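The structure appears right after this line, and notes come after that.
Fair warning: this is a prediction, and the values are worked out from it, not measured in the lab.
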Amino acid sequence: MPTAERLAAGGLRYSRFHTTAICSPTRAAMLSGRNHHQVGMGQITETATPSPGYRSTRPNSCVPLPEILRQAGYNTAQFGKCHEVPVWESGPTGPFDHWPAFSGFEKFYGFIGGETNQWTPALIDGVSFVEAPDDPDYHLMPDLADRTIDYINQQKALTPDKPFFVYFAPGATHAPHHVPKEWIAKHKGKYDQGWDALRAETFERQKALGVIPEDAVLTERSEGIPSWDEVPEERRPILAHQMEVYGAFLEYADHHTGRVIDALEQLELLDDTLVLFIIGDNGASAEGGLEGAFILSTAANGGSEYETVEFWQENLDKVGGPEAYNHYAVGWAHAMCTPYQWTKQVASHYGGTRNGTIVHWPGRIAAKGEVRDQWHHVIDVAPTILELAGLAQPHTVNGVTQVPMHGTSFAYSFDDASAAERHHTQYFEIMGNRGIYNRGWTAQTRHRTPWDVVSAAPDFSEDVWELYDTTVDWTQSNDLSKEHPEKLAELQQLFLIEATRYNVIPLDDRAAQRMNPEFAGRPTIVQGETLRLYPGMTRLNENVAINVKNRSWSATAEIVVPDDGALDGAILAQGGRTGGWSLFGEGGKVGFHYNYCGLLRSTALSADPLTPGTHQVRSEFAYAGGGIGRGGTVTLFVDGDPVGTAEVVRTHPMYFSFDEGLDVGQDTGMPAYEGYATKGGVFSGTIHWAQIDLGLDDHNHLVDPEAWLEAAMRHQ
């Protein structure tokens, strides 16, 4: 990471900087300067509930930093990932109140959601959906860097008297780990030693860099993670390659971030620009499972049993490319959280929350290459920037009295390595994993395991709390809960006080269940059993489209077959290469395809071509029932007559794709069906209308959360 090294050498490294342990909460806290539950972001937006701390709707009493800066005369722009928009507001009709373009950013170019395919991203410019360039060499990372550079150049050319605030937030290195092959080749063999050896190497390097003390202790391997020696010999090259791809993606992201830094230098702005480089919004992700994933949707939808050693061996060269949606195994995540316990999602331990952070500002900070050990949190970013900009936190914005920011500026530490730290207390909570920091002591409990999103969590009363004195135990390696029960009780009480103050209560430890809006209780755009669609409607994500999972349903369309009888392309399609379905035309015939996680595929095709003229085509899926993720039978109809059938073995219980959507008349992004005769699955005929209808079958897993969870556990 030469860009990170360059900035660190010319600035300061913060060795005790913390995030919330997962993306949406971290970003909401950083941009607002308030604790994440205070701004309704207790979890990712896809799992929002009606509780105040978990609604994913930032109140207007907590106006974010970019809006404050914009009103103070700054030009403001965001490029990359935005995972703070309530899912029911993420469609093309909004509302747009919580989108970047209405949250203080005059310019937004990137994607809405937790992740996107780096080869064919679901792009948004302002509030408009745009398709990625039709270029086989396209990748989102250089595109974001190009757009950022263009924006800065334009801003300095047209309004040089105005300062600018740019939030550069690429999707890297979140899954999918997509990167050009030539970059992967550079990392060949670098991880053959395995994750235990990598962890030991990293630990020694951290000591040499001075970002952990010499007497720091390397914590034990977290429960449930196998040692490298336990990994079967035939799996080791597969696992090593997963990390090669990730390492390449990280280097690739650093390279293109460096181009943005170079652009500032070419404009002679670098010395006078504050660059805050936060390496990640949580600890390394364990969401790829114990063996990693070729198609990440298997982590929630099941199907990982199809990704056998033989499957990986046959497809290893595709990892990182457009045919994969890959993620590394848990062991690598743990190694990248060295020297701490646990990973992303585990808000109770530093492995999930401590992120390397660099501050670079040569024109203001005299120190070069030094380390700062003061304890800080992502809520400190906004107060720091306001202080450095000479702006007070506003009492009122747009006529609304503001909740004071909870963070503490860390500008005091710039010129004094030994300055007493000022952020003394901080709670943590994600999905029941919770903890508290207070003046060097930490108390915490891990409630859920991050790679298990289906199993029911234990009762909160069964959680085992740990206690650490991090003034002498940097890595939280020596649990003192039995030696100091009175201190543990004091910190547990402090956690409850902070949790009550900031809307953490009531605790909600549900994981997979909260993906279902019926159980979570959040709004949905589509009401009723029918959704009528029209040509031009594309990229409707699953949270603004009707939910066809775990039940019977049908897709119907009125189409016109051209006079020459040519009938090709998608009529209706949902999802993409990671899973989905398509009602399509092929060689004059009508067909239906179901793609289960890119691993199992079923296709029904009519025996005869359709005659020219107007026809009604329909696919009816009869769900087998008996739980979630079950299969069923699909039957094709033309003008009411059955013309074809096929069996679908398994279906998606949770989601098709985080970034692909529902399309009319084409199949945007990566195709759900690989057999289209037209480019992008563009339909060759005419579509008057299309419609999705939910079936009337009644399965308990749709109405009973407990039955649904039990079915999910059986499915997995």
Which donor-acceptor pairs under 3.5 Å do the side chains of residues 491-502 make with protein atoms, sequence neighbours left out?
residue	atom	partner	partner atom	Å
E498	OE2	R501	NH1	2.6
T500	OG1	L496	O	2.8

For residues 163-176, which side-chain N or O atoms pair as donor and acceptor with protein atoms under 3.5 Å away, sequence neighbours left out?
residue	atom	partner	partner atom	Å
T173	OG1	Y246	OH	2.8

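More than 12 heavy atoms of other residues, nucleotides or ligands lie within 6.0 Å of CD in E182, so this atom counts as buried by the packing criterion.
Checked against the 6.0 Å centroid criterion, the rings of F249 and H178 do not qualify as a close aromatic pair. Aromatic rings of Y54 and H36 (six-membered ring for Trp) have centroids beyond the 6.0 Å cut-off, not under it. Taking the six-membered ring wherever Trp is involved, the centroid distance between the rings of W195 and H334 does not fall below 6.0 Å.
Remark: the H98 side chain and the E84 side chain contain no N/O donor-acceptor pair separated by less than 3.5 Å. Side-chain contact of S348 with Q444: a donor-acceptor pair under 3.5 Å is absent, judged by distance alone. In this structure, a donor-acceptor pair under 3.5 Å is present between the side chains of E466 and H349. No side-chain N or O of N438 forms a donor-acceptor pair with one of H424 less than 3.5 Å apart. There is no side-chain donor-acceptor pair under 3.5 Å between T471 and R439.
Using modelled atom types, no side-chain atom of S56 and backbone atom of M41 make a donor-acceptor pair closer than 3.5 Å. Not one N or O on the side chain of N75 forms a donor-acceptor pair closer than 3.5 Å with the backbone of Q155. Of the possible donor and acceptor atoms, none in the side chain of T442 sits under 3.5 Å from a partner among the backbone N and O of I436. Side-chain atoms of R34 come within 3.5 Å of backbone N or O of S32 as a donor-acceptor pair. A distance-only check finds a donor-acceptor pair linking the side chain of Q402 to the backbone of V63 [under 3.5 Å]. A donor-acceptor pair under 3.5 Å is formed between the side chain of Q374 and the backbone N or O of A417.
Classification of E204 and R199 as a salt-bridged pair fails, no side-chain N sitting under 4.0 Å from a carboxylate O. By the 4.0 Å N-to-carboxylate-O rule, E244 lies too far from K190 to be salt-bridged with it. Using a 4.0 Å cut-off between charged side-chain N and carboxylate O, D415 and R364 make a salt bridge. With salt bridges taken as basic N to acidic carboxylate O contacts below 4.0 Å, one links K107 and D125. Salt bridge annotation for D254-R259: absent, with no cationic side-chain nitrogen under 4.0 angstrom from a carboxylate oxygen.
Between F96 and W99, the ring planes lie perpendicular to each other; the angle is over 60°, past the 30° to 60° tilted range.
At a threshold of 4.5 Å between non-hydrogen side-chain atoms, the residues L250 and V179 do not count as touching.
Applying the side-chain contact (heavy atoms from CB on, under 4.5 Å) test between I278 and each of V359, T26, T357 identifies T357 as the sole match. When each of F17, Y437, Y412 is tested with H376 by the rule ring-ring contact (aromatic ring centres under 6.0 Å, His included), just one qualifies, namely Y412.
At least one test fails for R372 against the ring of Y14: distance under 6.0 Å to the centre or angle within 45° of the axis. For the pair R354 and Y350, the distance from NZ or CZ to the six-membered ring centre is under 6.0 Å and the angle to the ring normal is within 45 degrees. With a 6.0 Å cutoff to the six-membered ring centre and a 45° limit on the axis angle, R16 counts as a cation-pi contact of W474.
Take Q43 and apply the side-chain hydrogen bond (donor to acceptor under 3.5 Å, both in side chains) test, not counting sequence neighbours, and it matches no residue.
Put simply, NZ on K81 and SG on C23 are 3.5 Å apart, with the number rounded to the nearest 0.5 Å.
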| said: Walk me through whether E429 and H37 qualify under side-chain hydrogen bond (donor to acceptor under 3.5 Å, both in side chains). | reply: CA-CA 9 Å; E429 191 280 331; H37 293 84; 2.9 Å; yes
